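Just so we're clear, the structure is a prediction, and the values are computed from it rather than from any experiment.
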Amino acid sequence: MKMPAFQFYPGDWRKDLAIRSLDYFERGVWFEILCLMHESNERGVLVMNGVPMSDHLLARLLGLDLVTLNTTLCTLLTLGAARRRDHDSAIFSKRMVEDEKLCQIRRQVGKLGGNPTLLKQIRTTPVNQSPTPSSSSSSSTMDNKDAHAILNYLNDKAERNYRPVPANLTLIAARLNDGATVDECFAVIDAKVGSWGEDPKWATYLRPATLFNATKFAQYVGEIGCAEKGETWE
């Protein structure tokens, strides 16, 4: 299904150093290119019919002469607002490509119908009694596709390699069982990668044990309101 729009966060746009380094004409050209990328067969990448769009065609679509286009593209690429793929030199937006990847993950999770294993789980132990871990509960956690998708998203965004073992998945599954949505988990990851990722000390806390701790997770969701994401428009 073709997406009718793409997410645009004015705060992210205005604080992105690459964007702020552009003049108003260059920003306008880049925004028009983003609109073309959104309509592309490969969302986020400037391609047509499966091949990189030529400079001549791009100049025609933007209403620019070739010299002006080449000069502007050189600035966009040098400052890092736009990027080129290694294997075919197609121009792409890192932000839009990552957003599309996230959309694909959400579609896959949606097709699975949420988290039926946890929703249908019936409590068999008294409230004041701590349930004893068992092989069946571990198996249920390992089969939780939502938790797997969230852990994979954390690994991708934070550039980590946390394994899908019960120690990691159980924490995520517990938050889902508490009523958290997959989107809320993604939003918490986005927010904390944005605020902690560049700090060597805080980056160590980009881990399931911290992000999906019951008390801390509720606090993180409250802080972001699942509305703002600290990403850049590149």
For the student: nearest non-hydrogen atoms of L171 and A209, plus distance: CD1-CA, 3.6 Å
CD1 of I105 to CG of D183, rounded to nearest 0.5 Å, is 11.0 Å
Where do C185 and F217 come nearest, in terms of heavy atoms and distance? SG-CZ, 3.9 Å
Grab the two heavy atoms, one from L22 and one from R27, that are nearest each other, plus how far apart they are. O-NE, 3.1 Å
Looking only at heavy atoms, what is the nearest atom pair of G44 and V97, with distance? O-CG2, 3.8 Å
I'd like to know if the side chain of D16 reaches the main chain of D12, judged simply by a donor and an acceptor atom lying under 3.5 Å from each other, with no hydrogens or angles considered. no
Here the gap from N161 atom CG to E159 atom CD, rounded to the nearest 0.5 Å, amounts to 12.0 Å
Do the non-hydrogen side-chain atoms of M96 and L34 ever get within less than 4.5 Å of each other? yes
Are any side-chain N or O atoms of N155 and backbone N or O atoms of Y162, one a donor and one an acceptor, separated by less than 3.5 Å? yes
Could you report the tightest heavy-atom contact between V193 and L206, atom names first, then the distance? N-CD2, 3.9 Å
Do the ring planes of F6 and H38 sit parallel (below 30°), tilted (30 to 60°) or perpendicular (above 60°)? tilted
For V45, is there any backbone N or O sitting under 3.5 Å from a side-chain donor or acceptor partner on S40? yes
For K192, which of K216, K157, E223 qualifies under side-chain contact (heavy atoms from CB on, under 4.5 Å)? E223
Answer whether the closest heavy-atom distance between the side chains of W196 and L211 falls below 4.5 Å. yes
Is a side-chain donor or acceptor of R175 paired with a backbone partner of F212 at a separation under 3.5 angstrom? yes
Pairs touching residues 60-74 that satisfy side chain to side chain donor-acceptor pair (under 3.5 Å), sequence neighbours left out: D65-T68
Evaluate whether atom CZ of R20 has more than 12 neighbouring non-hydrogen atoms of other residues, nucleotides or ligands under 6.0 angstrom away. no
Does the N168 side chain pair with the main chain of R163, one donor and one acceptor, at a distance under 3.5 Å? yes
hydrophobic_cluster_shared for F25 and L58, side chain cutoff 4.5 Å: yes
Should we count CG of D23 as having more than 12 external heavy atoms under 6.0 Å? yes
In this structure, CD1 of I172 is separated from CG of L154 (nearest 0.5 Å) by 7.0 Å
Over 60° means perpendicular and under 30° means parallel, so classify the ring planes of W13 and F31, tilted if in between. perpendicular
For Q219, I'd like to know if atom CD has over 12 heavy atoms of other residues, nucleotides or ligands within 6.0 Å. yes
For L69 against D55, the heavy-atom pair lying closest together: CD2-O, 3.2 Å
CE/M48 to CD/E39 distance, rounded to the nearest 0.5 angstrom? 10.5 Å
Count I, L, V, M, F, W, Y as connected when their side-chain heavy atoms are under 4.5 Å apart, and connections chain through other members. Are Y205 and I150 then in the same cluster? yes
Selection residues 173-192 - residue pairs positive for ring-ring contact (aromatic ring centres under 6.0 Å, His included), sequence neighbours left out: Y153-F186
L76 reachable from F8 in the ILVMFWY side-chain graph, under 4.5 Å edges: yes
Measure the shortest side-chain to side-chain distance between W30 and S93 over non-hydrogen atoms and say whether it is less than 4.5 angstrom. yes
Do side-chain atoms of D88 reach the backbone of A90 as a donor and acceptor pair under 3.5 angstrom? yes
